[in-house]
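A short write-up of the structure that comes next.
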Amino acid sequence: MDHRRRNDPEFDEFEKLLGEIPKVTSGNDYTSFPICFSSSRSSPDLHLPGGDDSTLTSAFAEGNFNFGMPNQTLEFPRVMSIPANHFPSSSPCVYFRNAQPQRYMPSSQAHHHQALDHHSHIIHWRNSQEGRVRLQEEEEEQYMPVLEQYPRQFKGMYTAPGQEHFDYHHRAHDGDESLRSLDGVVSKRMYYPEKILMRSPLGLNTAKLINYGVGDLAMSLNNLTLQPPKYTNSLAETKGKIYQMAKDQHGCRFLQRKFAERDENDIEIIFNEIIDYISELMVDPFGNYLVQKLLEVCSQDQRMQIVHSITRKPGVLIKISCDMHGTRVVQKMVETVKRREEIAMIMSALKHGVVILIKNVNGNHVVQRCLQYLLPHCEMFLFEVVISNCVDLATDQHGCCVLQKCLGYSKGEQKYRLVFEIASNALLLSQHPFGNYVIQYILDLQLQWAINGILEMLEGNYTELSMQKCSSNVVEKCLRLSDDKHRARIIRELINFGRLDQVMLDPYGNYVVQSALKQSKGTTAYGLLVDAITLHVSSLRTNSYGKKVLSALCSKK
């Protein structure tokens with residue numbers, strides 16, 4: 001039975017708790033548990049040994065309590081007395097120290113105490129138990145209104161002071177749901193909630209909970225503010241504090257609700273208090289949402305002040321645009337500006353950092369928003385920068401995306417110059433992990449002069465390009481979009497260079513050959529390609545990639 005009881009998970013939880021109690025109350029390493037000797041809340045300090053309490057000391061010596069130490073009798077244990085005022089809601093406790101026994105009384109006096117009648121001790125402990133029951137009833141009445149506010153956390157938590165520490169080690173052997181006290185009375189065990197003792201979900205200090213008891217915990221929870229701070233419905237009481245509120249989660253939401261009401265007086269009050277800190281709020285985790293909302297509801301003059309505030313110093317707008325929070329505000333500003341003066345100020349502040357913005361993970365979205373909302377105002381400086389830096393941008397992860405957007409929005413001369421510059425570097429870009437997407441984008445534009453220019457730049461390198469991961473996609477697209485004349489030139493190059501067998505057995509090249517078979521059906525080039533493939537049938541059958549080429553050769557589609 002002892003083995004089963006010690007493996008009980010709840011027993012382990014109480015062992016952990018009881019091991020912490022002396023540490024947080026006295027600072028000493030007490031491994032035992034407190035014993036309440038008196039049921040009176042205002043009992044004086046205990047004086048052991050000697051006096052009336054010597055009887056209790058002798059009782060524990062005679063009762064042979066192990067306290068977690070099997071086969072060891074604490075004849076005269078070392079004790080520590082904790083006064084009643086240390087625990088506001090509990091009776092005085094004595095902690096038995098797990099140390100070598102020391103005699104505090106003369107041997108004659110010790111023998112005298114050992115000879116006391118055991119029956120008197122049982123009566124004393126029965127009276128103590130009755131007193132604890134009365135204390136429990138009184139304190140339940142006192143703290144029940146507080147505990148009812150937290151029914152899930154504190155249900156079944158409250159017990160008489162010190163009772164659970166003592167009775168748990170003397171559990172009745174006839175059931176898991178009962179406890180046996182010294183006088184043999186079996187009582188139902190009361191539980192502590194596991195979350196409160198072990199995990200502290202409310203953020204409370206577990207040591208403080210043990211030190212001051214459940215009563216003080218309930219009073220602390222009664223004063224604990226779990227709800228977010230409530231703000232008044234009027235801005236009059238928040239005057240002078242709006243800047244701090246804008247950087248607070250709940251304050252920012254309160255101010256946004258004021259913007260949603262579209263009261264011009266409230267908007268004016270908020271604007272006047274944050275305009276001097278507008279650059280700081282744009283990059284704030286909460287303040288950026290307030291500025292975005294302000295840009296939607298403010299007047300044109302107020303928007304002009306905001307634009308002037310962030311563009312008067314060089315580099316400020318670039319820095320805000322590259323921030324993960326600031327980029328959202330700048331995009332909203334680009335969407336909402338109307339006046340030519342505002343647009344000119346924004347363009348002037350951005351033009352010296354266009355390349356930095358395009359290659360930045362956050363700033364590239366600002367450039368794309370400018371292409372969407374500020375054309376044709378931004379095309380004069382934006383396209384000039386992109387054309388002169390097209391190779392650098394095409395080989396960048398974010399730059400290649402912006403470059404494709406520029407190709408989509410450009411017109412006339414700007415578009416021609418940009419496409420021509422990219423096509424002139426087709427051999428380099430087609431082999432790059434990012435640049436190949438730009439080449440494919442130009443091919444998809446289906447500008448015949450651009451396609452012919454790319455084919456001329458790639459001619460003589462199709463065999464090598466077909467066996468590379470990135471450029472093989474470009475070669476496939478060239479076979480699909482080129483005319484019959486240029487398609488036949490690509491196929492002849494693959495055959496005549498004497499490395500067709502390597503291309504067909506390559507993880508990427510086999511797809512190029514499959515695409516050549518599909519796109520050249522019905523032409524002279526198709527027959528030449530089939531004859532060349534037939535020469536290598538034996539090697540193709542023993543290779544997984546070669547089998548794919550044979551499957552495409554036998555396909556009727």
Side-chain angles (χ1 to χ4, degrees), residues 391 394-395 400 422-557:
V391 176
T395 53
C400 70
I422 295 173
S424 300
N425 296 275
L427 182 60
L428 171 65
L429 295 179
S430 62
Q431 302 178 69
H432 193 273
F434 304 124
N436 77 91
Y437 293 106
V438 180
I439 299 296
Q440 293 185 59
Y441 186 89
I442 292 179
L443 292 172
D444 287 332
L445 293 176
Q446 297 186 5
L447 301 173
Q448 195 58 48
W449 65 269
I451 295 175
N452 294 338
I454 293 175
L455 293 174
E456 291 177 3
M457 294 299 301
L458 301 181
E459 190 171 356
N461 299 279
Y462 287 114
T463 300
E464 294 294 337
L465 296 176
S466 298
M467 292 187 290
Q468 297 181 30
K469 180 179 180 180
C470 300
S471 56
S472 63
N473 296 312
V474 177
V475 176
E476 286 186 61
K477 189 153 289 190
C478 289
L479 288 168
R480 182 169 60 86
L481 297 176
S482 60
D483 54 20
D484 292 340
K485 178 182 176 180
H486 287 89
R487 188 181 298 114
R489 293 171 64 177
I490 297 173
I491 293 174
R492 287 192 182 94
E493 182 177 330
L494 293 174
I495 297 172
N496 296 335
F497 269 54
R499 298 176 62 185
L500 181 62
D501 56 335
Q502 297 182 24
V503 176
M504 291 188 293
L505 301 179
D506 187 77
Y508 308 111
N510 75 91
Y511 292 104
V512 175
V513 177
Q514 293 180 55
S515 180
L517 287 170
K518 182 178 179 179
Q519 301 298 332
S520 63
K521 279 187 178 182
T523 64
T524 306
Y526 177 78
L528 295 174
L529 183 59
V530 170
D531 294 339
I533 293 174
T534 306
L535 299 175
H536 306 281
V537 171
S538 58
S539 60
L540 295 177
R541 288 175 178 174
T542 60
N543 185 276
S544 58
Y545 303 114
K547 291 178 181 179
K548 294 180 180 180
V549 175
L550 291 176
S551 178
L553 182 63
C554 298
S555 177
K556 296 181 181 180
K557 295 182 180 180

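Note: hydrogens, waters and symmetry copies are ignored here, and every other heavy atom, side chains too, is used. Starting from 1, each residue takes its place in the sequence as its number.
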Using the test salt bridge (charged side-chain N to carboxylate O under 4.0 Å, His left out), find all partners of [X] that sit at least two apart in sequence or belong to another chain.
| X | answer |
| --- | --- |
| Asp483 | none |
| Arg492 | none |
| Glu456 | none |

Write down the atom of [X], the atom of [Y], and the distance for their closest heavy-atom approach.
| X | Y | answer |
| --- | --- | --- |
| Ile439 | Ala426 | CD1-CA, 3.7 Å |
| Lys548 | Asn510 | CD-OD1, 3.9 Å |
| Cys478 | Ser482 | O-OG, 2.6 Å |

Looking only at atom types and distance, does a side-chain atom of Glu476 sit under 3.5 Å from a main-chain N or O of Ser515, one as donor and one as acceptor? no
Residue pairs meeting ring-ring contact (aromatic ring centres under 6.0 Å, His included), one or both in residues 482-521, sequence neighbours left out, come to none
Tell me which pairs pass ring-ring contact (aromatic ring centres under 6.0 Å, His included) where either residue lies in residues 463-483, with sequence neighbours left out.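 Checked against ring-ring contact (aromatic ring centres under 6.0 Å, His included) - neighbours excluded - no pair reaches residues 463-483.
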Under 3.5 Å, sequence neighbours excluded: what are the donor-acceptor pairs made by side chains of residues 443-451?
from	atom 1	to	atom 2	distance (Å)
Asp444	OD1	Lys477	NZ	3.4
Asp444	OD2	Lys477	NZ	3.1
Gln448	NE2	Asn452	OD1	3.1

side-chain hydrogen bond (donor to acceptor under 3.5 Å, both in side chains) partners of residues 422-434, not counting sequence neighbours, each pair once: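 Only Gln431-Gln468 qualify under side-chain hydrogen bond (donor to acceptor under 3.5 Å, both in side chains).
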Do the side chains of [Y] and [X] get nearer than 4.5 Å, heavy atoms only?
| X | Y | value |
| --- | --- | --- |
| Val475 | Leu458 | no |
| Leu465 | Leu427 | yes |
| Thr463 | Leu494 | yes |

Quick one: [atom1] on [X] to [atom2] on [Y], what's the gap to the nearest 0.5 Å?
| X | Y | atom1 | atom2 | value |
| --- | --- | --- | --- | --- |
| Cys554 | Leu517 | SG | CG | 10.0 Å |
| Ile491 | Leu479 | CD1 | CG | 6.5 Å |
| Asn461 | Ser466 | CG | OG | 10.0 Å |
| Leu455 | Ile490 | CG | CD1 | 5.5 Å |
| Leu553 | Lys547 | CG | NZ | 16.0 Å |

Only pairs under 3.5 Å count here: list side-chain donor-acceptor contacts from residues 525-539, not counting sequence neighbours, and write none if there are none.
from	atom 1	to	atom 2	distance (Å)
Thr534	OG1	Val530	O	2.7
Ser539	OG	His536	O	2.9

Any pair counted as salt bridge (Lys or Arg N to Asp or Glu O under 4.0 Å), so long as it reaches residues 458-472, sequence neighbours left out: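 Salt bridge (Lys or Arg N to Asp or Glu O under 4.0 Å) check on residues 458-472 returns Glu459-Arg489, Glu464-Arg499.
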The criterion is side-chain hydrogen bond (donor to acceptor under 3.5 Å, both in side chains); which residues satisfy it with Asp484, sequence neighbours excluded?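 By the side-chain hydrogen bond (donor to acceptor under 3.5 Å, both in side chains) rule, Asp484 matches Arg487.
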If you draw a 6.0 Å radius around OH in Tyr545, do more than 12 non-hydrogen atoms from other residues or ligands fall strictly inside? no
For Asp506 and Gln502, does a side-chain donor sit closer than 3.5 Å to a side-chain acceptor?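 No, because no side-chain N or O of Asp506 sits under 3.5 Å from a partner of the opposite role on Gln502.
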With sequence neighbours excluded, what pairs up with Asn436 under the side-chain contact (heavy atoms from CB on, under 4.5 Å) test? Gln440, Cys470, Val474
